[in-house]
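Some notes on the structure that comes next.
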Amino acid sequence: QDDAKLEQLRAQGFARVAIANEPPYTAVAADGKVSGAAPDVARVIFQHLGVPDIVASISEYGAMIPGLQAGRFDVVTAGLFMKPERCAAVAYSEPVLCDAEALLVKKGNPKGFKSYGDIAKDTSATVGAPGGGTEEKLALEAGVPRDRVVVVPDGQSGLKMVQDGRIDAYSLPVLSINDLIKKANDPNLEVIAPVEGAPVYCDGAAFKKGDEALRDAFNVELAKLKKSGEFAKIIEPYGFSAAAAMSTTMEKLCAAK
Amino acid sequence: MAAPIIEIESISKSFGAFQVLDQLSMQVMPGEKLALIGPSGSGKTTILRILMTLERIDGGHIRIEGEELYHMSKNGGLAPADEKHLTKMRQKIGMVFQLFNLFPHMSVLDNVTLAPILTKGVSRADARKRAMELLDMVGMSAKADAMPSQLSGGQKQRVAIARALALSPKIMLFDEVTSALDPELVEEVLNVMRKLAAETDMTMLLVTHEMGFAHDFADRVLFFDRGRIVEEGKPDDIFRHPKQERTQTFLRKIIAAGHRV
Amino acid sequence: MAAPIIEIESISKSFGAFQVLDQLSMQVMPGEKLALIGPSGSGKTTILRILMTLERIDGGHIRIEGEELYHMSKNGGLAPADEKHLTKMRQKIGMVFQLFNLFPHMSVLDNVTLAPILTKGVSRADARKRAMELLDMVGMSAKADAMPSQLSGGQKQRVAIARALALSPKIMLFDEVTSALDPELVEEVLNVMRKLAAETDMTMLLVTHEMGFAHDFADRVLFFDRGRIVEEGKPDDIFRHPKQERTQTFLRKIIAAGHRV
Amino acid sequence: MEWDWNFVWQIFPTLLQGVKITIIATLLGSVLAVFVGLAIALLRRSPNRLVSTTTGFIAEFIRGTPLLVQLYFIFYVLPDIGILLPPLVAGVIGLGLHYGTYTAEVYRAGIDNVPRGQWEAAKACNLTARQTWTRIILPQAIPPMMPALANYFIAMFKETPLLSAITVLELMNQAKSVANTYYRYIEPITLVGVFFLTISLISVVVLRWLEQRYGRIER
Amino acid sequence: MIDWSGYLSLILQGAVVTVQLTVMGSILALIVAFIAGLGRISRFAILRWLATAYIEFFRGTSIFVQLFFAYFVLPFMGISLTPLQAGVLALGLNVGAYAAEVVRGAILSVGREQYEACTALNLSRWQCMRKVILPQALLVMLPTFGNNAIELLKATSVVSLISLADMTFQANIVRSQTGSTLIPFATILFLYFVFALLISFGVRALERHMARGLDGVRT
Ligand SMILES: Nc1ncnc2c1ncn2[C@@H]1O[C@H](COP(=O)(O)OP(=O)(O)OP(=O)(O)O)[C@@H](O)[C@H]1O
Ligand SMILES: Nc1ncnc2c1ncn2[C@@H]1O[C@H](COP(=O)(O)OP(=O)(O)OP(=O)(O)O)[C@@H](O)[C@H]1O
Ligand SMILES: [Mg+2]
Ligand SMILES: [Mg+2]
């Protein structure tokens, strides 16, 4: 069943999506073209829905939900993991990309971190994470005090800060960290993945509350995609597992603790 | 005898607690050339500024050609003058300032034509023609296209006189028009004023420290002190045989300082 | 006849392309009172400023009491003067400016005592005593604790004179010290200078437009035009019987403008 | 989405933490700017042409480019040449350098505004260069500078949110962090605005006072 | 192999946005500066009051707060602006508040005697303002306007915080794509400086053009 919002998107010919420029979830190429697993999936689904194109604006994670509420984008496709509080703030689609958490540390893991709890215990350790991201919350929940969780504006800054010894660990999803370290090509760094005790998260396309009809239409096309195997073709080259996304549901993830 | 062109009737003026003019009255006849002299701070400039409506009075009446300056009749009574009334009255009066006050961003010619074009609706061509006549009269027609910054003080002041004349006022006010000039340049300005006095029948009020010029120029001299007229009379009487003690002291000091009387 | 206290030997001075002084020479005797007159821009101020070392010369020599001002002997030859030499020479010279140049952030007394304490190492108490004498002399001792902003122009100038005297210079330079004053205030400053001339044997150089005062005050008058001495002589000769055409024109203009000679 | 007072009280203590950092950064930055500005002003007056023009160029460059980019530079590029500064120190250096180029102009104008006659009177009184500076010029030049200097310190204060780009948890960063945690922007940002406005209005009063007290020297 | 020419073109795209913001922001700032500056010296108390409120508000709250407000809070009041509009609005109104004080100061710097000459020539208030006062005040304003425009140029870098793809923002993208911090930031520092130089040369040329034959207007 078509709703007014979808009609409007079809009429204007594009959907506005928020992305974060965090490969492999989302990326901006040298020619300015938007790619990454999440926007690629969204682009195909919107095409199936009769909306020919997506227009991306890059945003901080923290600004995405307020921006969605303020009507600045139609949907967030950025690897914004589903969490109960977020599910309360936005309308999520079914899962798209799943990933575990990782820590980026100096070679040899000098402080021996395995979990966020280890960081909390070492009173001199600092951890960097994107502001408003899942990792920041996980660290805080594990008992790392606020002043030892450094809000880092972007992945490249986080990597640089580990290299420079400004922070002892930088936390992002596994695939993001892998992408960073591949680019940096620095033998003095090491990845701890997955972080013990941290759940596996999945993201979904996030819609504004009230746009549930659009979300439902999106879900129908997403399910078709998953079934046809096209879904796996899009996301697996980026390193994501299609099976992981198909093994769980939005309802489960939003209900989790 | 004709009616006075200016009647000042017990006007008062204070700046804060300081009373500059106290119940001052005086009259000026049409065509009269009046010199106002007196020590610094005695209120001479203030009188001219009040006549030019640059300061308001606290009390009293001023009539120009029988018409109230600061009041207008309204519903049978007198009301404070509004901007429109003042604009009408200002047409009769022109003023030349000590520091010339030319508009520095306009050529000499534009300085002289601006007001006639804007306030009297004179056409640009007519305004220019009349301006060139006036500049010729003050000996400045050769500099019509110069900017004020390119002129000497004496030249600036002569342009300022032409500018005031361009509105053809019936009354001209001159406030120490030579005291900012180098001594060598004073004469050229005084010459223009002599010519003006001789060739027109404008009423002129002159504040000056040039006693020699005041003597030759004026029909009548008023000596001010602390906002009051201490003595008045023909130039010869005031300068040669001052009656009041205060006038005598003043003139003695001025003469000692090297001014000719 | 004694040796001259100031010897100026063919000095030149240009500002950019404009030559103000051209091969000027003159001499001043100890105790002489010299008046420098002439039209605006003729270089009078420039000469005083050069003597006070506020401007450098382009060429020529100046000797004060036989000692070179802008040169000093070094290894048998003459070298350009360094700051130390200039400081030594400046002790002989004081200057009073047209715009007083009092230090606005100091009381009258501090203005007068500052230089003796700093440059001559006089004790604070001695400096104050001497300053009060000088302020008394110029009639300003009652205002010793006032700030300059509380004084009238004439009062400021009298303090400035006391300040210059406090260093007991042998030569005093006065640059139009009354021309920024209201006419009524001129006399009080001239009186101080008359007293100074009568009571001390200081050498004085005076630039002025007050021809009457120059006449009474000076032993000798120099008439300048375009950086050259056009005429010099006793005051009576210069003012009553000027020989040069240029001098005559100048004096005629000044007189016409109302100045007594 | 409407205003929620409970939420305001909940986030208030966190924001106060940010206020503390903001104020510390401004104060330290101001002190640094005072000295950097003096150094620039003096070097620009140097008789050595190379020194004066080089200083002039560097100052112009710093003044003509955004503080934000300079902060990135200090924080992320300098470690490559072995200079590793803690975030707050890097921020204070950035603020001090940037605003030092402004205070240098204030010094210059203040000194130029002392009339030439004062230099000449000092010479006629035979004072040395040092005496002229300390007794005559600076006492007249400094008081009128106070309002202009204060003005720049207030401007600096309002630019401290830039420090969030180099992970300093000042007021704006705290507010964003709070906003990200609860997905509510209105309250934190409004509180930040109210805070800046309050400080600014107070500083307007202080500025007026400074202007009256020091703004002009009566001559 | 890193595709530097591609990244350079990304930065140049950002430069276009920066220039757009600067130009449109400056125009808006100029317009509101004259309205508020004249309002500030108006005869009518209500206009004075409104102008003062505007000026103090926008000078008092930080540009960041204004940007976040325009971008995130205005939509809740039913005003939804594109990021570019929000950027221009916040920058223009912010710098306009500073420039309004320049307008006011320049008008007041024209001596009282010029107003008196107007009265003596019987010009109306508006004629006097338009023909006599403003032409002189404009020349006084111009250099400070130039500085304001450079401040605005520098302030555009903060719009990257509301995800407007200006030069600083694109430099950050390039940085995260290539892992190099030095090259993108050195490039944009250079570009910002060139833009600032262009502005000051432009203003100076304009000033010379307007000041022809007019020495002595500025004192
Ligand atoms: N706007 C003003 N505010 C306060 N006091 C003023 C103002 N204008 C003039 N006065 C004071 O009023 C008195 C008279 O001033 P006025 O200028 O009329 O004197 P004057 O006779 O023209 O003196 P002068 O010969 O010095 O020009 C002076 O004491 C002056 O200080
Ligand atoms: N610093 C300077 N730079 C350029 N020109 C100067 C400077 N000082 C003086 N002059 C020029 O040198 C000439 C002589 O100046 P000076 O002040 O000595 O004249 P003066 O005889 O004192 O004139 P006045 O009677 O007007 O004081 C003038 O034309 C003046 O413009
Ligand atoms: Mg007067
Ligand atoms: Mg001179």
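Every chain is numbered from 1, with letters handed out A, B, ... down the list of sequences. In this text the structure is predicted, and so the values were computed from the model without any measurement.
More than 12 heavy atoms of other residues, nucleotides or ligands shown are found within 6.0 angstrom of NZ on Lys195(C). The environment of CG in Asp201(C) is sparse: at most 12 heavy-atom neighbours from other residues, nucleotides or ligands sit within 6.0 Å. Around atom CZ of Arg135(D), no more than 12 heavy atoms belonging to other residues, nucleotides or ligands sit under 6.0 Å away.
Using modelled atom types, no side-chain atom of His105(C) and backbone atom of Ile137(D) make a donor-acceptor pair closer than 3.5 Å. At least one donor-acceptor pair under 3.5 Å links the side chain of Asn126(D) to the backbone N or O of Thr87(C).
For Leu151(C), no part lies under 4.5 angstrom from a heavy atom of chain D. When heavy atoms are compared at a cutoff of 4.5 Å, Arg116(D) approaches chain C solely by way of its side chain, counted from C-beta outward. For a residue to count as touching a neighbouring chain, one of its non-hydrogen atoms must lie under 4.5 Å from one of that chain's; by this rule Gln91(C) touches chain D with backbone and side chain alike. In this structure, chain C has heavy atoms under 4.5 Å from both the backbone and the side chain of Glu120(D).
Between Met52(C) and Lys123(D), every side-chain heavy-atom pair lies at or beyond the 4.5 Å cut-off. By the 4.5 Å heavy-atom criterion applied to side chains, Gln118(D) and Pro104(C) are counted as neighbours.
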Donor-acceptor contacts under 3.5 Å from residues 111-120 of chain C side chains, at least two apart:
{"residue": "Asn111(C)", "atom": "OD1", "partner": "Phe103(C)", "partner atom": "N", "Å": "2.9"}
{"residue": "Asn111(C)", "atom": "OD1", "partner": "Arg163(C)", "partner atom": "NH1", "Å": "3.3"}
{"residue": "Asn111(C)", "atom": "ND2", "partner": "Phe103(C)", "partner atom": "O", "Å": "3.1"}
{"residue": "Asn111(C)", "atom": "ND2", "partner": "Met106(C)", "partner atom": "O", "Å": "3.2"}
{"residue": "Asn111(C)", "atom": "ND2", "partner": "Ser107(C)", "partner atom": "O", "Å": "3.2"}
{"residue": "Thr113(C)", "atom": "OG1", "partner": "Leu109(C)", "partner atom": "O", "Å": "3.1"}
{"residue": "Thr119(C)", "atom": "OG1", "partner": "Ala115(C)", "partner atom": "O", "Å": "2.8"}
{"residue": "Lys120(C)", "atom": "NZ", "partner": "Leu167(C)", "partner atom": "O", "Å": "3.1"}

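Considering every non-hydrogen atom in both Phe97(C) and Ala121(D), the closest pair reads CE1-CA, 3.8 Å.
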